[in-house]
Amino acid sequence: QVQLVESGGGLVQAGGSLRLSCAASGRTFSSNTMAWFRQAPGKEREFVTAISWSGRSTYYADSAKGRFTISRADAKNMVYLQMNSLKPEDTAVYYCAAGSLSAYNSPAYKYWGQGTQVTVSS
């Protein structure tokens, strides 16, 4: 199994930046696709970005393209989400996810972190 713990959330002004971290543990970590999702109040969980097990392929939702970057450091069991040019619409709880999926943007990941709050003020 895989355990995930997010950190790095907080309050920022519009146009600012944050870097989220996901600390992962488990013997099968390296074989999992990793992803970030977010959920705003009253809304469904939304795909943000994903990275393949090798770190060689990345995928982004349209809302994240050009602003967010996902990266993976297997040696440290860490996945990062660098968020730049943040907008109030980015306000949400951000969740790290891991699993073996053919559809990287599916919410059906097996493992999830507890989430970290990101709030962007205008």
Side-chain angles (χ1 to χ4, degrees):
Q1 61 180 274
V2 176
Q3 302 292 323
L4 306 173
V5 180
E6 305 98 331
S7 62
L11 174 64
V12 297
Q13 297 180 170
S17 299
L18 279 176
R19 189 182 73 163
L20 306 184
S21 299
C22 176
S25 62
R27 293 184 180 274
T28 62
F29 174 75
S30 63
S31 65
N32 280 277
T33 298
M34 304 293 295
W36 288 95
F37 287 74
R38 66 187 184 187
Q39 188 166 23
K43 295 187 177 181
E44 296 294 320
R45 184 172 50 190
E46 175 188 32
F47 171 77
V48 179
T49 182
I51 189 167
S52 66
W53 70 270
S54 66
R56 295 175 183 140
S57 299
T58 57
Y59 311 91
Y60 294 93
D62 288 341
S63 61
K65 291 178 180 177
R67 299 190 300 127
F68 294 1
T69 303
I70 188 171
S71 60
R72 184 171 186 167
D74 287 337
K76 298 181 179 180
N77 295 323
M78 297 289 287
V79 176
Y80 304 97
L81 177 61
Q82 178 66 45
M83 304 187 294
N84 299 324
S85 302
L86 284 163
K87 305 174 181 179
E89 306 93 270
D90 297 318
T91 295
V93 176
Y94 283 70
Y95 296 93
C96 181
S100 181
L101 299 173
S102 58
Y104 57 86
N105 60 347
S106 170
Y109 283 81
K110 185 175 182 179
Y111 305 103
W112 295 86
Q114 81 287 353
T116 185
Q117 177 71 48
V118 172
T119 302
V120 184
S121 62
S122 60

Please answer whether the main-chain N or O of [Y] pairs with a side-chain N or O of [X] as donor and acceptor at a distance below 3.5 Å.
| X | Y | answer |
| --- | --- | --- |
| T49 | Y59 | yes |
| T91 | P88 | yes |
| E6 | C22 | no |
| R38 | E46 | no |
| S52 | T33 | no |

Over all heavy atoms of both residues, which pair between [X] and [Y] is shortest? Give the atoms and the distance, please.
| X | Y | value |
| --- | --- | --- |
| A73 | Y80 | CB-CE1, 4.3 Å |
| V5 | Q114 | CA-OE1, 3.6 Å |
| A35 | F47 | CB-CE1, 4.5 Å |
| L4 | M34 | CD2-CE, 3.8 Å |
| N32 | R72 | O-NH1, 2.6 Å |

Do the ring planes of F37 and Y109 sit parallel (below 30°), tilted (30 to 60°) or perpendicular (above 60°)? perpendicular
Not counting sequence neighbours, which residues clear salt bridge (charged side-chain N to carboxylate O under 4.0 Å, His left out) with R45? List them please. none
4.5 Å side-chain heavy-atom contact, [X] and [Y]:
| X | Y | value |
| --- | --- | --- |
| W36 | C96 | yes |
| R19 | L81 | no |
| T119 | V12 | no |
| F68 | L20 | no |
| Y60 | T69 | yes |

To the nearest 0.5 Å, what is the distance between [atom1] ([X]) and [atom2] ([Y])?
| X | Y | atom1 | atom2 | result |
| --- | --- | --- | --- | --- |
| S57 | I51 | OG | CD1 | 8.5 Å |
| T116 | L18 | OG1 | CG | 8.5 Å |
| I70 | Q82 | CD1 | CD | 12.0 Å |

State plainly whether the residues D90 and K87 are in salt-bridge range, i.e. N to O under 4.0 Å. no
Check whether more than 12 heavy atoms from other residues, nucleotides or ligands sit under 6.0 Å from atom CD of E44, and answer yes or no. no
Side chain to side chain donor-acceptor pair (under 3.5 Å) involving N105 - partner list, sequence neighbours excluded: none
The side chain to side chain donor-acceptor pair (under 3.5 Å) partners of Q3 (sequence neighbours excluded) come to Q1
